[in-house]
Enquirer: 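Structure provided below as structure tokens; questions to follow.
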2 protein chains.
Amino acid sequence: MKLQGIKPIENMTQVDRIEMNLHDYFRNENFLPGDSIPKEIELAEAMGVSRTAMREALTRFKTLGIIESKKNRGMVITEPDVLQNMNRVLNPQLLHQDTMQDFFELRLVIELGIADLLYVRKTDEDIKKLEEIVDKENAAKSKAEKLKWDIEFHATLYKISGNQTIERFQRTLMPVFDYMKNTLHIRSQEQTADYVSHKVLIQILKTGTVEDFRQGMYKHLMQYFEQIK
Amino acid sequence: MKLQGIKPIENMTQVDRIEMNLHDYFRNENFLPGDSIPKEIELAEAMGVSRTAMREALTRFKTLGIIESKKNRGMVITEPDVLQNMNRVLNPQLLHQDTMQDFFELRLVIELGIADLLYVRKTDEDIKKLEEIVDKENAAKSKAEKLKWDIEFHATLYKISGNQTIERFQRTLMPVFDYMKNTLHIRSQEQTADYVSHKVLIQILKTGTVEDFRQGMYKHLMQYFEQIK
DNA sequence: TATTATTAATATGTATTACATATATACATC
DNA sequence: GATGTATATATGTAATACATATTAATAATA
């Protein structure tokens with residue numbers, strides 16, 4: 001049986017073991033962001049390995065954003081940026097088509113799911129901002145400009161959700177969504193019978209219920225949901 | 001202005017620059033998973049740096065799962081496992097409380113959002129499986145056992161969604177959710193007036209609409225949604 | 001001939017040593 | 001007190017050597 005992210009111990013390298021040791025060490029010593037850790041040589045000697053190997057293990061933690069190092073200042077534990085890490089590997093060129101489809105769906109799932117957050121946190125100012133965007137969208141002449149304001153509209157919704165992580169997550173997913181849009185055969189919105197425009201969505205946000213909004217958003221994104229089988 | 005994930009070039013180390021170069025190189029050469037890349041020394045020489053520095057840059061890519069190396073076989077480009085990377089850094093001990101709250105909310109958002117996927121992909125077998133779980137849950141004596149089947153129920157829903165990434169994502173979020181459950185002051189389900197049980201959710205899944213299900217799920221998770229302000 | 005055993009070549013993994021460099025600290029100078 | 005200088009320090013980079021797993025070529029065997 002082959003599990004994801006687990007490699008057989010027999011072909012584990014020394015650095016792999018050092019990494020595990022460090023992981024336990026950080027955990028057991030209850031290190032928190034801001035805490036400084038022993039210097040490279042001390043760690044290497046304490047573990048009975050060369051500085052080279054220790055550095056390689058430390059590099060892994062640095063890569064993940066779990067520790068940071070500065071010349072002569074030593075190393076400190078840091079709060080990893082989950083989304084940044086995701087950003088670095090979410091590369092359409094490298095990922096399998098199925099995975100891309102999964103993230104494509106995830107974006108739709110979130111777009112519908114944030115309705116509740118919106119209704120808890122929306123303010124009159126937010127609505128006003130959305131309306132301004134729609135005005136600019138309608139005034140836009142080129143297709144590219146329209147698209148720009150379309151994206152801005154949805155980005156603003158994410159902002160209104162008050163959830164920074166979800167907002168950043170969505171931005172991270174944008175290239176994926178873009179890629180899938182080009183890959184899948186997606187027809188234009190106007191061809192849909194009961195298409196819900198941004199303007200209508202705002203209206204629902206002002207006077208409708210959460211349920212209304214979700215249904216509206218579903219219809220607004222209908223062209224994409226059709227891709228799900 | 002300070003942006004996330006960007007460091008001023010003046011205090012960029014040489015390895016940082018090597019990493020960027022490699023990144024461009026991989027991209028421009030259109031390397032795909034499975035393709036092998038030049039060996040360490042060649043890369044180092046081509047870039048005019050020591051093998052040491054090159055190795056450190058390569059270690060970063062290895063850490064992210066973008067390349068893999070084997071003794072004498074050289075290195076090959078691999079498909080990074082986005083979720084695995086996330087798993088390594090989603091550590092409640094290290095993350096800020098706000099971030100944890102964000103992920104807590106994200107889990108709820110997804111739980112509601114997958115309704116559409118469920119209705120597209122559910123089968124009679126899936127329903128049967130859910131019913132079996134609920135039976136076991138009701139037959140369970142200890143609180144721990146009940147919790148286990150509760151988790152199993154939701155995990156199965158994710159499985160039914162047919163989206164492996166979302167399914168794994170949810171598993172990744174579990175520790176966060178667990179942590180938040182202990183941190184926040186969450187009352188028990190039974191205290192809710194119009195509480196919707198797993199049994200009812202299944203019933204909706206069988207005869208109700210997507211909207212019904214979403215409303216049901218919302219009520220089922222009411223105790224958690226109350227934490228959102 | 002087919003198969004196995006042995007050997008040599010190869011690229012990564014680890015160790016050692018040395019030095020560069022940014023930063024902090026202490027000290028000296030104005 | 002502010003500024004400049006010297007020194008110590010921990011990480012960053014380089015160079016070199018060797019260990020080790022794996023491949024490929026070669027030799028030995030049936």
Side-chain angles (χ1 to χ4, degrees), chain A residues 2 6-23 25-26 29 31 33-78 80, chain B residues 2 6-23 25-26 29 31 33-78 80:
Chain A
K2 207 182 165 192
I6 295 184
K7 68 168 78 176
I9 49 173
E10 67 248 27
N11 50 20
M12 248 205 300
T13 122
Q14 185 182 216
V15 175
D16 288 331
R17 267 169 283 149
I18 298 176
E19 185 189 358
M20 289 176 63
N21 271 9
L22 282 178
H23 198 275
Y25 172 62
F26 294 154
E29 295 289 308
F31 279 122
D35 294 346
S36 59
I37 60 176
K39 52 195 192 190
E40 294 176 346
I41 311 177
E42 283 175 9
L43 287 172
E45 281 173 356
M47 227 176 268
V49 297
S50 72
R51 193 182 154 216
T52 310
M54 176 55 69
R55 263 185 75 83
E56 185 163 332
L58 288 169
T59 295
R60 297 187 185 178
F61 286 96
K62 290 183 206 165
T63 303
L64 295 172
I66 292 175
I67 68 180
E68 255 178 24
S69 59
K70 268 185 186 163
K71 275 211 163 105
N72 188 39
R73 290 213 36 179
M75 298 176 287
V76 294
I77 302 287
T78 53
Chain B
K2 207 183 162 192
I6 296 183
K7 67 168 76 177
I9 49 173
E10 67 249 25
N11 50 18
M12 246 204 303
T13 118
Q14 183 181 218
V15 175
D16 288 331
R17 267 170 281 149
I18 298 177
E19 185 190 355
M20 289 176 63
N21 271 10
L22 282 178
H23 198 276
Y25 173 62
F26 294 154
E29 295 289 309
F31 279 122
D35 294 347
S36 59
I37 60 175
K39 52 195 191 191
E40 295 176 346
I41 312 176
E42 285 175 9
L43 288 171
E45 281 173 356
M47 227 175 267
V49 297
S50 71
R51 194 182 154 215
T52 310
M54 177 54 69
R55 262 186 76 83
E56 185 163 331
L58 289 170
T59 295
R60 297 186 184 177
F61 287 95
K62 290 183 205 166
T63 303
L64 295 172
I66 291 175
I67 68 180
E68 255 178 24
S69 60
K70 270 185 186 162
K71 275 214 163 102
N72 189 40
R73 290 212 36 180
M75 297 175 287
V76 295
I77 301 287
T78 53

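Proteins come first, then strands; the chains are lettered A, B, ... in the order of their sequence lines, and each starts at number 1.
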Enquirer: Establish, with yes or no, whether the OP1 or OP2 oxygen of D/dA14 is under 4.0 angstrom from a side-chain nitrogen or oxygen of B/Q14.
Expert: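 True: B/Q14 side-chain N/O within range (under 4.0 Å) of D/dA14 OP1/OP2.
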Enquirer: B/E45: which residues meet the side-chain contact (heavy atoms from CB on, under 4.5 Å) condition with it, sequence neighbours left out?
Expert: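 Expected list: B/I41.
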Enquirer: Using a 4.0 Å cut-off to any heavy atom of chain B, which nucleotides of DNA chain C are the first and last in contact, reading 5' to 3'?
Expert: C/dT10 to C/dT14
Enquirer: Find the distance A/R55:CZ to D/dA14:C1' and express it as a whole number of Å.
Expert: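 That distance rounds to 12 Å.
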Enquirer: Could you give the distance from CZ (B/F26) to CD1 (B/I66), rounded to the nearest 0.5 Å?
Expert: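 That separation rounds to 8.0 Å.
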Enquirer: Would you compute the distance between atom CZ of B/F61 and atom CG of B/L58 and round it to the nearest 0.5 angstrom?
Expert: 7.5 Å
Enquirer: Please round to the nearest 0.5 Å and tell me the distance separating atom CG of B/N21 and atom CE of B/M47.
Expert: 4.5 Å
Enquirer: Atom CD of B/E56 to atom P of D/dA14: distance rounded to whole Å?
Expert: 11 Å
Enquirer: Which salt bridge (charged side-chain N to carboxylate O under 4.0 Å, His left out) pairs, counting each pair once, include a residue from residues 48-59 of chain A, with sequence neighbours left out?
Expert: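 Salt bridge (charged side-chain N to carboxylate O under 4.0 Å, His left out) check on residues 48-59 of chain A returns A/E40-A/R51, A/E40-A/R55, A/R55-B/E56, A/E56-B/R55.
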Enquirer: Decide yes or no for A/S36 and A/V76: does some side-chain heavy atom of the first lie under 4.5 Å from some side-chain heavy atom of the second?
Expert: yes
Enquirer: Within this structure, what is the CE-CD1 distance for the pair B/M75 and B/I67, rounded to the nearest 0.5 Å?
Expert: 5.5 Å
Enquirer: Just grab all the ring-ring contact (aromatic ring centres under 6.0 Å, His included) pairs involving residues 33-54 of chain B, residues at least two apart or on different chains.
Expert: none
Enquirer: Scan residues 34-43 of chain B against DNA chain C and write down, sorted by residue number, each residue with any heavy atom closer than 4.0 Å; if none is found, say none.
Expert: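 Of all residues in residues 34-43 of chain B, the ones placing a heavy atom under 4.0 Å from DNA chain C are B/K39, B/E40.
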Enquirer: List in chain and number order the residues that pass side-chain contact (heavy atoms from CB on, under 4.5 Å) with B/D35, two or more places apart in sequence or in another chain; answer none if no residue qualifies.
Expert: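 B/D35 satisfies side-chain contact (heavy atoms from CB on, under 4.5 Å) with B/F31, B/L32 only.
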Enquirer: Looking at residues 63-74 of chain A, who's got a heavy atom less than 4.0 Å off DNA chain C?
Expert: A/K71, A/N72, A/R73
Enquirer: Heavy-atom count check: over 12 atoms from other residues, nucleotides or ligands less than 6.0 Å from A/E29 CD?
Expert: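 Yes.
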Enquirer: Just jot down the side-chain contact (heavy atoms from CB on, under 4.5 Å) partners of A/S50, sequence neighbours excluded, or say none.
Expert: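 Per chain and number, A/S50 pairs via side-chain contact (heavy atoms from CB on, under 4.5 Å) with A/T52, A/A53.
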Enquirer: Near DNA chain D, under 4.0 Å by heavy atom, which residues of residues 46-54 of chain A?
Expert: A/R51
Enquirer: Knowing that exactly one of B/M12, B/Q14, B/M20 qualifies, which makes a side-chain contact (heavy atoms from CB on, under 4.5 Å) with B/D16?
Expert: B/M12
Enquirer: Which residues pass the side-chain contact (heavy atoms from CB on, under 4.5 Å) test with B/T63, sequence neighbours left out?
Expert: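 Result, side-chain contact (heavy atoms from CB on, under 4.5 Å) vs B/T63: A/R60, A/T63, A/L64, B/T59, B/R88.
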